[in-house]
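Structure first, commentary second.
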Amino acid sequence: MPIHHELATAVQQAIAQAQKSGDLPPFDLPDAHVERPRDPNHGDYASPIAMQLARVARMAPLKIAQAIAAHMSPHTAVHSVEVAPPGFLNIRLNSTWLQQQVSEILQNDNYGGFNLGQGKKAQVECVSANPTGPITLGRSRGGVMGDTLARVLRALGYDVTMEYYYNDAGRQVTLLGESVKIRCQQLLGQDVALGEEHYQGEYIIDLARALLAEHGEALLAQPISFFVDYAQAQISAAQKRSLKRINIEFDVYFREQSLYENGRVWETLDILRQKGYVYERDGAQWFRTTEFGDDKDRVLVKQSGEPTYRLPDIAYHWDKIQRGFELIIDIFGPDHHATAPQVLMGVKALGYETGFVYTVLHQIVSLVRRGEQVKMSTRRGMYVTLDELVDEVGPDPIRYFMVSRSGNSPVDFDLDLAVEHSDKNPVFYIQNAHVRCAGILRKWHEAGLTIEAATNADLTLLTHEKELAFLRKALELAEVLETVGTTFEPHHLPFYAYELAAVFHPTYEACRVLGEDVPQPLRLARLQFYLAAKKLFARVLTLMGMSAPEVM
RNA sequence: GCCCCUGUAGCUCAGCGGAUAGAGCGUCGGCCUCCGAAGCCGGAAGCCCGUGUUCGAGUCACGGCAGGGGCACCA
């Protein structure tokens, strides 16, 4: 159990004890929690519980706090529990215990993680781009957010499946096939033109060229499905390669088509109809979303007899639930902000509670170069792809900047900043902390010394306030992971990483290791400290899908 | 017209109902005979407006004002 939970429990037990002994009147035990005071002078953790209890206990908050403090049982981590007006309970950690975090970090490969999820099956669905073109920046953001969430949820004891949903059944893929065929015809000198709705991108011509090289002119006799299958296979393979470049890999690629093959789509419609949520109008099948608060009903099946995307989307979520996921997270870009709630309405209509299904929305990504927004237009295929961005800035800045703000804020991806090797660039600022640790260890080895020499170091020598501040910050990782894993807002992690580096660098300046004026026992202790710091930075960077370089 | 998101320092953003609102950039001023200055130290500067809920509001509710995005029988 992480320390902030232990302390909260301790507070709660103290309240119960105080009630037992009559120092506090009886009332239902609240959920106590501890938080970090803004001002470190107030202690390492604080609880405002006494103020919250004032009403039910009908006592002055200060008196309540005193009663709780008096009944706190001793804890190895706790140095003192103080009461401060108007009723705060301030807890200070024991520095001996804090120093032991060094060995805790070194021994525990899941430092900061804890078993919040208890092995529950969780699914993160993200990217889910149609297999009709390269991965765009918006989809990349969703992917980075989803992958970061998945990594955090695994650290928190969830059994996570990363899933990618393919729309391989709709009109879009037919258009894709037609686009490729037309390009083939053009390459063969035929006078045909792409329609307005066809895919305009250069990559379509490349596909056509490759097809022609393989099959020659005879391929024009093939049905459109031939072109569809070929293009889809090529494009989805390319999408996977692109995503892998930024360390995103999926466990399951779920094909929309499979929901038609196994009858799930029509089964879903039947059930919705049986439950009275479907009616016919103008030759189409409508879903009574107004019963769930929507401002108008929505079409499930078009006049043509083809389903809209909604029906398979609902069927897909039904399938997810039947596969036993207890936590479902859907990550949607701005183009899905309006449709996300409709899927949930579908799930409700099927008879499920939707409390365990979360939709995480994010805003757009735009590129900034030399302080100016780069113009992008999806029409004409004039957008910047993930591959182009990776080519230009590399994976790490993408991983960092795509999650470095709340999903509710748009991302302005600054191309100049992303590659700038300076203190302005938070990516290098964080990675440099790891590099600096590595540098100390390298120098140590170069001097012919081994790490083993330091394993019995006396950690209680780590008394410098900056060293202790770093260890306090290390402790905060558990809180950050919990926040990310319960709010599904991954941006807290890069902020934490930055703060951790901001606590580290002054420590590095102040707490030298190899200098001749450092006494040997302290040197050994600090060596352990920097070994732990290195491991912690590597851990945090890995949780963000970033690399932890030894040199830069 | 309807829906979603946003409004915090000159700029870009954190801030999970708690104590004196934090960073980065920019700006002003310092620090390399010393493990990576890709770093450190210090200064100036801020919650869109109103009403309400609360012991306590940047945070919650309602109403304004302003900006962004979305409103297909496309996905």
Side-chain angles (χ1 to χ4, degrees), chain A residues 33 35 37-39 41-42 46-48 51-52 54-55 60-61 84-88 90 128-130 132 167 170-173 175 197 256 282-286 294-296 298-304 306-310 312-313 333-341 361-364 368 371 404-410 412 414 417 420-429 431-433 435-444 446-447 479-480 482-483 486-487 489 491-492 494-496 498-499 501-502 504-506 508-518 526 530 551-552:
Chain A
H33 74 279
E35 55 199 28
R38 277 206 187 106
D39 185 346
N41 290 323
H42 290 136
S47 172
M51 271 109 71
Q52 288 155 4
R55 184 182 291 268
F88 285 101
N90 291 334
S128 297
N130 287 350
T132 54
N167 289 116
R171 194 170 118 79
Q172 299 303 320
V173 288
L175 287 172
E197 71 283 10
E256 179 188 7
D282 305 332
Q285 305 289 322
W286 293 73
D294 206 354
D295 56 338
K296 60 184 173 201
R298 310 285 170 170
V299 171
L300 286 174
V301 183
K302 305 180 226 176
Q303 279 180 343
S304 64
E306 284 174 293
T308 62
Y309 64 90
R310 272 178 213 103
D313 271 5
D335 48 343
H336 284 68
H337 283 194
T339 64
L361 304 178
H362 67 81
Q363 304 285 332
I364 57 171
V368 174
S404 67
R405 55 204 46 182
S406 152
N408 291 331
S409 293
D412 284 333
D414 189 324
L417 178 61
E420 187 165 323
H421 286 212
S422 80
D423 55 345
K424 290 179 195 167
N425 189 341
V427 174
F428 292 103
Y429 185 76
Q431 289 180 326
N432 190 38
V435 168
R436 284 179 134 184
C437 292
I440 294 172
L441 298 169
R442 197 179 326 115
K443 285 245 166 22
W444 179 261
E446 281 166 11
E479 293 150 57
V480 172
E482 182 176 29
T483 301
T486 51
T487 63
E489 294 174 343
H491 70 278
H492 297 288
F495 274 92
Y496 171 75
Y498 190 88
E499 288 169 14
F504 172 84
H505 287 301
Y508 177 89
E509 303 273 338
C511 302
R512 300 260 140 179
V513 181
L514 305 177
E516 285 173 16
D517 52 334
V518 183
R526 284 187 172 166
Y530 285 108
V551 290
M552 291 198 296

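In the text below, chain A, chain B and the rest are named by the order of the sequence lines, each starting its count at 1. Every heavy atom of this structure was used, including side-chain atoms; hydrogens, water molecules and symmetry mates were not.
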Check: When the C1' atoms of B:C71 and B:U20 are considered, how many whole Å apart are they?
Finding: 46 Å
Check: Rounding to the closest angstrom, what is the interatomic distance between B:A23 and B:G43 at atom P?
Finding: 10 Å
Notebook entry, point to check: With nearest nucleotides of RNA chain B determined for A:Ala284 and A:Asn408 from heavy-atom distances, which residue corresponds to the more 5′ nucleotide?
Noted result: A:Asn408
Check: Heavy atoms under 4.0 Å, any strand shown: does A:Asp517 hit a base, just sugar-phosphate, or nothing?
Finding: nothing
Next item on the list: Specify the separation, in whole Å, of atom NE2 of A:His42 and atom P of B:U20.
Entry: 8 Å
Checklist line | Length of the CZ-P vector between A:Arg436 and B:C32, whole Å | finding: 16 Å
Check: Rounded to whole angstrom units, what separation is found between the CD atom of A:Glu35 and the P atom of B:G17?
Finding: 9 Å
Check: Taking the inter-plane angle between the rings of A:Tyr498 and A:Tyr429 on a 0 to 90° scale, is it parallel (under 30°), tilted (30 to 60°) or perpendicular (over 60°)?
Finding: parallel
Notebook entry, point to check: Across the strands shown, which category fits A:Asn90 at heavy-atom distances under 4.0 angstrom: base, sugar-phosphate, nothing?
Noted result: base
Notebook entry, point to check: Are the ring of A:His337 and the base ring of B:G70 both nearer than 5.5 Å at their centres and tilted by less than 30°?
Noted result: no
Item checked: Residue A:Gln172, side-chain heavy atoms: nucleotide from B:G15, B:C40, B:C74 that is nearest -> B:C74
Notebook entry, point to check: Any side-chain heavy-atom pair from A:Phe88 and A:Pro37 closer than 4.5 angstrom?
Noted result: no
Next item on the list: In whole angstrom, give the distance that lies between atom CD of A:Gln52 and atom P of B:G18.
Entry: 9 Å
Margin query: Just the rounded figure in Å: distance from P of B:A14 to OH of A:Tyr498.
Written below: 15 Å
Check: What is the distance from CZ of A:Arg405 to P of B:C25, rounded to the nearest Å?
Finding: 14 Å
Next item on the list: Rounded off to whole Å, could you give me the CG-to-P distance for the A:Leu417 and B:G24 pair?
Entry: 14 Å
Margin query: Are more than 12 heavy atoms, taken from residues, nucleotides or ligands other than A:Arg171, located less than 6.0 Å from that residue's CZ atom?
Written below: no
Check: Taking the side chain of A:Ala46 as heavy atoms from C-beta outward, which of B:A19, B:C40, B:A14 is closest to it?
Finding: B:A19
Next item on the list: Report yes or no: is the ring centroid of A:Phe88 under 5.5 Å from the six-membered base ring centroid of B:G18, with the two planes under 30 degrees?
Entry: no
Item checked: Whole-Å gap separating P (B:C74) and CD (A:Glu306) -> 8 Å
Margin query: Between A:Ser406 and A:Met51, which residue's closest nucleotide on RNA chain B lies nearer the 5′ terminus?
Written below: A:Ser406
